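Accompanying notes for the structure given below.
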Amino acid sequence: MTMRGLCYFLVLVAVLGSSAEDMEENVFIFPKATATSHVILTPKTTSPLSRFTVCLRYYTDLTRPYSLFSFATSGKDNDILIYKENATVFSVSVGNEDLFFRGPVDTMSWMHTCTSWDSSTGVVTLWINGKPLPRKAMKKGYSVKAQPIIILGQEQDSYGGGFDINQSFVGEITDVNMWDSVLSPNDVQLALANVNWLVGNIISWKSQSYKSKGDVIIQPKFPPSSY
Ligand SMILES: *[C@@H]1O[C@H](CO)[C@@H](O)[C@H](O)[C@H]1NC(C)=O
Ligand SMILES: *[C@@H]1O[C@H](CO)[C@@H](O)[C@H](O)[C@H]1NC(C)=O
Ligand SMILES: [Ca+2]
């Protein structure tokens with residue numbers, strides 16, 4: 001291989017490799033409110049979805065609304081959105097429709113959530129720290145569109161943009177996994193316990209490619225005993 005050929009090869013490896021990272025021991029810190037800083041998670045599959053589960057863990061002292069998980073598709077900015085409205089109310093959006101869930105009052109501790117939706121019934125289940133809130137339903141028969149842009153730290157009002165500083169996340173996020181299935185109650189408990197073999201097949205915190213933009217810091221998790 002010529003020198004120039006070798007250079008092209010190395011660039012190609014760097015691009016294609018796009019470094020799936022084991023994030024198991026890490027968190028993303030969003031250190032301050034901005035309308036720009038965010039993380040784009042690269043999904044392992046980009047097909048339409050007739051069911052899904054998203055689990056993640058977060059730690060924040062925000063009292064204003066904020067986005068936890070923003071999954072936009074072309075023409076549907078809230079194709080999937082997990083959002084905190086205020087100290088007690090979560091909203092879950094599918095296909096730009098919203099459902100509100102009254103959850104436990106915020107405490108200064110790590111919160112774990114799993115959100116699932118099943119097109120065959122429309123049932124949405126929101127689990128907070130391993131406990132399901134009363135189930136609701138929407139968008140029966142709908143299919144979440146393909147080719148999402150998945151963003152942490154900001155709420156998309158357009159495909160990959162349209163951020164609002166007043167909806168930005170400030171704090172720490174980790175253990176993000178997404179499946180193209182509805183997790184069983186038992187699997188939700190395993191996700192809560194963070195058993196490391198339970199990995200998402202759309203987003204897998206154990207081998208995740210991502211791009212971070214702006215002020216986002218990766219740090220090791222503190223041991224659970226710190227809290
Ligand atoms: C929280 O948000 C819900 C939905 O928007 C609203 O009905 C409720 O009054 C709010 N609660 C507080 C304490 O602001
Ligand atoms: C964000 O909230 C602040 C304080 O309420 C307000 O002054 C500002 O106009 C809001 N910014 C946007 C972009 O909505
Ligand atoms: Ca939006």
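When a ligand or atom number is given, it counts from 1 through the structure's own listing order. Computed from a predicted model, the values in this text were never measured in an experiment.
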Next item on the list: Check Thr45, Asp180, Asn177 against Asn201 for a side chain to side chain donor-acceptor pair (under 3.5 Å) and give me the one that passes.
Entry: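 Filter result, single survivor: Asp180.
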Looking at [X], which of its N, O or S atoms is the nearest one to the Ca ion (ligand 3)?
X	value
Asp157	OD1
Asp77	OD2
Glu155	OE2

Check: Counting only non-hydrogen atoms of the protein, does one fall under 4.0 Å from atom 14 (O) of ligand 2?
Finding: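 So far as the 4.0 Å threshold goes, atom 14 (O) of ligand 2 is in reach of a protein heavy atom.
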Notebook entry, point to check: Is atom 2 (O) of ligand 2 less than 4.0 angstrom from at least one protein heavy atom?
Noted result: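 Given the 4.0 Å cut-off, atom 2 (O) of ligand 2 counts as touching protein heavy atoms.
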Check: Side chains of Trp110 and Tyr227: is there a donor and an acceptor less than 3.5 Å apart?
Finding: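 Yes, Tyr227 and Trp110 have a side-chain donor paired with an acceptor closer than 3.5 Å.
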Note to self: Are any of the N/O atoms on Thr88, whether in the backbone or the side chain, positioned under 3.5 angstrom from an N/O atom of ligand 1?
What the structure shows: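 It does not: no N or O of Thr88 is found under 3.5 Å from an N or O of ligand 1.
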Next item on the list: May I have the step-by-step check of side chain to side chain contact (heavy atoms under 4.5 Å, CB included) for Gln208 and Asp22, ending in yes or no?
Entry: CA-CA 6 Å; Gln208 187 55 46; Asp22 185 348; over 6 Å; no
Notebook entry, point to check: Would one find more than 12 heavy atoms of other residues, nucleotides or ligands at under 6.0 Å from atom CZ of Phe222?
Noted result: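 Open.
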Next item on the list: Indicate if the distance from the Ca ion (ligand 3) to the nearest N, O or S atom of Gln156 falls below 3.0 Å.
Entry: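 Here the distance criterion (N, O or S atom, under 3.0 Å) is met by Gln156, so yes.
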Margin query: Strictly under 3.0 Å, is the Ca ion (ligand 3) approached by any N, O or S atom of Asn78?
Written below: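 Checking the Ca ion (ligand 3) against Asn78, an N, O or S atom does fall under 3.0 Å.
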Please list the nearest protein heavy atom to [atom] with its residue and the distance rounded to 0.1 Å.
atom	value
atom 5 (O) of ligand 1	Glu85 OE1, 4.2 Å
atom 8 (C) of ligand 1	Asn86 ND2, 3.7 Å
atom 4 (C) of ligand 1	Val89 CG1, 4.2 Å
atom 11 (N) of ligand 2	Asn166 ND2, 2.9 Å

Next item on the list: Let me see the working for Cys55 and Trp179 under side chain to side chain contact (heavy atoms under 4.5 Å, CB included), right down to the final yes or no.
Entry: CA-CA 9 Å; Cys55 296; Trp179 292 262; 3.7 Å; yes
Next item on the list: Identify, by atom number and element, the atoms of ligand 2 in contact range of Asp164, meaning under 4.0 Å from any of its heavy atoms.
Entry: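 The list of qualifying atoms is 12 (C), 13 (C), 14 (O).
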Next item on the list: Under the ring-ring contact (aromatic ring centres under 6.0 Å, His included) rule, what do Trp205 and Phe28 come out as? Steps first, then yes or no, please.
Entry: CA-CA 12 Å; Trp205 208 240; Phe28 284 123; 5.7 Å; yes
Next item on the list: Flag this pair as yes if the NZ/CZ of Lys84 is under 6.0 angstrom from the six-membered ring centre of Tyr66 and inside a 45 degree cone about the axis; otherwise no.
Entry: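 No, Lys84 does not sit over the ring of Tyr66.
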Item checked: Distance in Å, Phe52 CZ paired with Thr115 OG1, rounded so as to fall on 0.5 Å steps ->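 Taking CZ in Phe52 and OG1 in Thr115, the distance rounds to 7.0 Å.
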Next item on the list: Locate the shortest heavy-atom distance separating Leu152 from Leu68; write the atom from each residue and the value.
Entry: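 The answer is CD2-O, 3.6 Å.
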